[in-house]
Amino acid sequence: MNPVALPGIAAMDFSHVIYEVADSIGVITLNRPEAANAQSRKVLEELDAAWNAAARDPLVKVIVLKSNGKHFSAGHDMSSTKNSSEPVEWRADEYYDWETRHYLHYAKSWREVPKPSIAAVQGKCIAAGLMLCWPCDLIVAADDAQFSDPVLAMGICGVELHAHTWELGPRKAKELLFTGDAITAQQAEQLGMVNRVVPLQELVPTAMALAQRIARQDAFALRMAKRAVNHTLDIQGYTNAIDAIFDMHHFGHARAALVTGGIPSLAGLQRMKSGGKT
Ligand code: ZN
């Protein structure tokens with residue numbers, strides 16, 4: 001496959017994401033392995049541009065999201081969310097705005113792309129890593145995949161897209177959040193969070209074969225089938241719950257800022273990195 005020029009973003013310096021199209025499949029590859037595919041502002045903006053290109057391209061019927069390297073994604077890269085010209089410290093209102101646009105809105109809009117999408121996940125998928133694979137319709141996991149959301153150590157109730165309860169069921173969602181422990185690919189499959197688990201070397205071929213199989217179906221019927229399932233979840237309250245809990249998440253940020261003196265909670269970040277031992 002050859003990299004494809006993305007319409008409308010020719011001026012963008014696309015450095016952390018590769019977007020390719022072949023045989024009706026749009027393949028988005030997060031390519032920042034030297035940083036465990038942590039999500040900087042640039043990563044997020046490039047991912048969104050790639051998702052939009054795949055959504056707009058009439059030749060693309062199915063989207064595959066994967067990442068290069070050992071780990072799928074280590075979460076948000078908090079050190080590079082601001083432009084260099086901006087003050088280092090966040091105000092609570094601008095932080096709310098930043099997370100609304102770059103975290104919540106992106107994840108929700110990727111879920112709504114009217115084409116089937118498949119995430120291929122290997123290695124660690126930590127915190128905001130979940131916000132890359134959960135919006136996808138199907139998830140294929142390598143047998144070394146581990147999923148976790150340890151952000152309770154930062155004083156918040158989980159990542160910005162609070163889909164945990166929907167993805168895992170209430171008890172396992174609580175255990176994941178309360179302990180910060182990871183669940184394995186096999187456990188995630190048992191919980192219905194991933195569709196199938198395969199050996200690492202078969203991860204991308206499996207995701208691509210699944211995408212090619214789905215791409216043989218009628219595009220509009222696929223769109224309606226996706227809409228039917230998503231709409232069912234929305235009638236059950238999915239999007240309303242996500243939106244409401246986002247504000248709860250920001251109450252956590254605000255309270256942590258009062259306690260530790262900054263947004264995001266740097267003390268909490270340190271504690272998270274040390275496994276809660278400090
Ligand atoms: Zn947040």
Task: Heavy-atom pair with the smallest gap, counting every atom of Ala55 and Val113 - done: CB-CG1, 3.8 Å
- [ ] Write down the atom of Leu65, the atom of Cys136, and the distance for their closest heavy-atom approach.
- [x] CD2-SG, 4.1 Å
Sequence neighbours excluded and cut-off under 3.5 Å, please list the side-chain donor-acceptor pairs for residues 155-172, or say none.
from   : atom 1 : to     : atom 2 : distance (Å)
Glu160 : OE2    : His249 : NE2    : 2.9
His162 : NE2    : Cys157 : O      : 2.8
His164 : NE2    : Asp149 : OD2    : 2.7

Compile the donor-acceptor pairs under 3.5 Å between side chains in residues 236-248 and protein atoms, sequence neighbours left out, one pair per line.
from   : atom 1 : to     : atom 2 : distance (Å)
Thr239 : OG1    : Asp234 : OD1    : 2.7
Asp243 : OD1    : Lys108 : NZ     : 2.6
Asp243 : OD2    : Lys108 : NZ     : 3.3
Asp247 : OD1    : Tyr96  : OH     : 2.6

- [ ] Identify the two heavy atoms, one from Phe14 and one from Ala50, that lie closest to each other, and give their separation to 0.1 Å.
- [x] CZ-N, 4.3 Å
Task: The single option from Cys125, Ser73, Ser117 passing side chain to side chain contact (heavy atoms under 4.5 Å, CB included) against Cys133 - done: Cys125
Task: Mutual orientation of the aromatic rings belonging to Trp110 and Tyr106 [parallel < 30°, tilted 30-60°, perpendicular > 60°] - done: parallel
TODO: Can you see which heavy atom on Ile214 is nearest to which on Pro116, and at what distance?
DONE: CG2-CG, 4.0 Å
Open item on the list: Taking the ring of Tyr103 and the ring of Trp98, is the distance between their centroids below 6.0 Å?
Closed with: yes
- [ ] Using distance alone, with no hydrogens and no angle criterion, decide if Gln39 and His102 have a side-chain donor and acceptor under 3.5 Å apart.
- [x] no
- [ ] Report yes if some heavy atom in the side chain of Lys226 is under 4.5 Å from a heavy atom in the side chain of Pro114; otherwise report no.
- [x] no
- [ ] Nearest 0.5 Å please: distance from the CD1 atom of Ile183 over to the OG atom of Ser148.
- [x] 9.0 Å
Open item on the list: Show the nearest heavy-atom pair for residues Arg32 and Ser40, with the distance to one decimal.
Closed with: NH1-CB, 3.9 Å
